[in-house]
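Below is one structure, written out as structure tokens, with a few remarks after it.
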Amino acid sequence: MGTERKRKVSLFDVVDEPSAKIAKSNGLGLTGMNANSSINKWNGRPYSQRYYDILEKRKTLPVWQQKEEFLQVLRANQTLILVGETGSGKTTQIPQFVLDAVDIETPDKRRKMMIACTQPRRVAAMSVSRRVAEEMDVTIGEEVGYSIRFEDCSSARTVLKYLTDGMLLREAMTDPLLERYKVIILDEAHERTLATDVLFGLLKEVLKNRPDLKLVVMSATLEAEKFQGYFNGAPLMKVPGRLHPVEIFYTQEPERDYLEAAIRTVVQIHMCEPPGDILVFLTGEEEIEDACRKITKEVGNMGDQVGPVKVVPLYSTLPPAMQQKIFEPAPPPVKEGGPPGRKIVVSTNIAETSLTIDGIVYVIDPGFSKQKVYNPRVRVESLLVSPISKASAHQRSGRAGRTQPGKCFRLYTEKSFNNDLQPQTYPEILRSNLANTVLTLKKLGIDDLVHFDFMDPPAPETLMRALEVLNYLGALDDEGNLTKLGEIMSEFPLDPQMSKMLVVSSEFNCSNEILSVAAMLSGTSICFLACFVFLLSQVLGRCPGAISCLISSLSERVFALRLVHNTRLSSATVLSGFHAPVGMHHRISKQVLMQIVSVSQYSLMKQMVSPCLEAQKAADEAKARFGHIDGDHLTLLNVYHAYKQNNEDQSWCYENFINHRALKAADNVRQQLVRIMSRFNLKLCSTDFNSRDYYVNIRKAMLAGYFMQVAHLERTGHYLTVKDNQVVHLHPSNCLDHKPEWVIYNEYVLTSRNFIRTVTDIRGEWLVDIAPHYYDLENFPQCEAKRVLEKLYRKKEKDREESRNRR
DNA sequence: GAGCACTGC
């Protein structure tokens, strides 16, 4: 291969001198400022205008010549940094160039060394590798392959492998020097995922021990200088992007209400600007749905003066079929020669990196996104609506110029862009609980975390917290060395608490059940269909003719309004399925109906009130069938068991408000976990279902992992987390029929109040039995829980004495 | 008696 490859894409524009500091000249693309007079008033409010020429106009060299220069630099250096905007084609082209440049032969003629190209996302790894295989005219999985969780599409013949950054990190755990690779390409490095950051530090070490290994770091322009500094002044080359110029507008005054401002701007664009689709960035699902409704309504009020609009919400938890709607074309004019239609996509950050929509000409950027923050003091991760970074703003505006010149409206002042926004979003490693990361690092053989070469070192307190947690779990000894237990735990793709629960579950004679619980809890989206779907089907059955118009006008919104729940798995989600009818009924009748359906449709909708009661009944039955009064974890287990007992039947799922696809995903996770269990000879076992200990053992095993996430019911009637003494409330979605004195919880969420979500009743006696080292009273803050524990210890001591006397 | 940015192993 090689010669017959067809390359249509021109790649390099200019090859900078090694170590040239291009970041400075390129910056944010702030050069080329121009006055622009096409809009000087925006909804009565003047906008300041600046023109950013994102494309740097430099002479273009023929492809072969640039390729040679690239190969030259690669041969002469161990590390190389390559910067380029998205859309430069570097992801598909560079690995192919590299393939031509390096010798991948090994003494063993049957096997060649590989080139690895990492991506932060699975879909990208898969689709890019497919495209490259096609370009090189080879079958995917042969010379070119990919490797992602649950799917290894590569073979002994594979020489170019695309994989997720997390996957490469996994591989490093068994192959610390990454000896099967000749070149490693870290793509999208500017995204600074946890895995990328760990790989940075790791690869820096590996490179010292493997002079034959080469590293190519590919990134967007903004962090180039920082990368260069980190990688000891490695040469830097540039691939120009192929973006069209984007005009940027700022407001002259700060906006008080960015949601209102965003909607106003959408309407203004629709009224005054030439055809072209609009992309609006908002922070979350609720806000997006709200905005969609309001935009539709406002434009609807304007009548025939303006063209029709198709308003499409976009966020990750939206069912895939709904997400596809963003790729549909804008609606045609209502009548021939009338004003053209427009597509308006209202999206979370997902449209900033993960999903690209062609045809976007206008971007509206209010300047906010939800970001994860971690507070090591109370060990809580939460989501906070925060101002975005300059880099993020830059990325957002770039979304307007993919197919033609575009415009970006920033709903903040230029001054605040310059002075208030930080240059980069804080990398994830500074915003996360690092327990899992530290465990991985230990497994990778990095003992001295304090001196590990992080590009951005995390707060010492965060590292200390992580070490402390791992020590309590028994994964690290008091010297901070990985224990045998920790070694096994690190092999599971789960949080340490969950791995611990799984590893010890055999000792509690319930590993089969704990496997199911862990699979159901771990990041899969499981959901119950809300009862409205049931309700619709009821109505459909009754008046099939009349309903079709309603369905057509409602069906989009039925999804959009979360009448179908398709959110991440937590028992909260699962259990809210049971609660859905009340809220949903209320929601659709009051907030939505009058806005989105005509009067005749409304009267039809009113007929749905009575089937709604049936739906309520069905949901109650579902709850009665699966709900376990002792806890949400056990409810999840019931759901999983019922699913298996009914042979994973799709229509059974539908009838029981269970999302089939999501349970299948959980089953997939479970199989992976089972394989890891067997690898370590961990027994797969169950307590007899008729035994009194069946659920007791499961709850004890869970406690063995989650003893640090316990809350105690105070006499005042509210819960306090153990040791941290935070006031928390049981999330109203819980399935308990009582308020237990002690609960373990899976999640601590900060929203309108401090909630603990997915909770299960446990007994105080178990705390002192299973985790005496954590419930050591000498090291315990004064509180009610402490006094209760003291009693429990005394009782335990007394019992022990009695049994000694009896002997 | 509430409401989940986005990934990944």
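Just so it is clear: chains get the letters A, B, ... in the order the sequence lines come, proteins before strands, and each one is counted from 1. In this text the structure is predicted, and so the values were computed from the model without any measurement.
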Exercise for the section: Taking only the side-chain heavy atoms of A/His731 (C-beta and beyond), determine which of B/dC6, B/dC9, B/dG3 contains the nearest atom. Expected result: B/dG3

Problem - Between P of B/dG8 and CZ of A/Arg431, the distance in whole Å - result: 16 Å

Handout entry: A/Arg192 CZ - B/dC6 C1' separation (whole Å)
Key = 17 Å

Exercise for the section: When you get a sec, tell me which of B/dC6, B/dA2, B/dG3 is the closest nucleotide to the side chain of A/Ser316? Expected result: B/dC6

Fill in the blank from the handout: A/Glu188 CD to B/dG8 C1', in whole Å, measures 15 Å

Practice task
Send over the distance from A/Asn349 CG to B/dC4 P, rounded to a whole Å.
Solution key: 16 Å

Practice task
Check whether the ring centres of A/Tyr258 and A/Phe368 lie less than 6.0 Å apart, and answer yes or no.
Solution key: yes

Problem - Length of the line joining A/Asn734:CG and B/dG3:P, which is rounded to integer Å - result: 14 Å

Completion exercise
From CE of A/Met173 across to P of B/dG8 the rounded distance in Å is 19 Å

Problem - Pair A/Arg121 + A/Glu191, salt bridge at N-O below 4.0 Å - result: yes

Practice task
Among the candidates B/dC4, B/dC9, B/dA2, find the nucleotide nearest to the side-chain atoms of A/Phe755.
Solution key: B/dA2

Exercise for the section: Give one of base, sugar-phosphate or nothing for A/Arg149, where a contact means two heavy atoms less than 4.0 Å apart. Expected result: base

Handout entry: Along DNA chain B (nearest heavy atom to each residue), the more 5'-positioned of A/Thr283 and A/Phe492
Key = A/Thr283

Fill in the blank from the handout: To the nearest angstrom, the CG-C1' distance between A/Asn668 and B/dC9 comes to 13 Å

Practice task
For the residue pair A/Lys90 and A/Asp187, establish whether any side-chain heavy-atom pair is separated by less than 4.5 Å.
Solution key: yes

Practice task
Just call it for A/Thr164: base, sugar-phosphate, or nothing, with non-hydrogen atoms closer than 4.0 Å on any strand.
Solution key: sugar-phosphate

Problem - A/Thr348 vs B/dC6: side-chain N/O to OP1/OP2 distance below 4.0 Å - result: yes

Practice task
Look at the side-chain N and O atoms of A/Arg753 and state whether any lies under 4.0 Å from the OP1 or OP2 oxygen of B/dA2.
Solution key: yes

Handout entry: Note, A/Ile629 side chain near A/Cys735 side chain (heavy atom, < 4.5 Å)
Key = no

Practice task
Return yes if a side-chain donor-acceptor contact under 3.5 Å exists between A/Asn734 and A/Arg757, otherwise no.
Solution key: no

Exercise for the section: Check the distance between B/dA2's P and A/Glu285's CD and give it to me in whole angstrom. Expected result: 18 Å

Practice task
Describe the nucleic acid contact of A/Leu730 in one word from base, sugar-phosphate, nothing, applying a heavy-atom distance below 4.0 Å.
Solution key: nothing

Completion exercise
Out of B/dC4, B/dC9, B/dC6, minimum distance to the side chain of A/Arg170 belongs to B/dC9

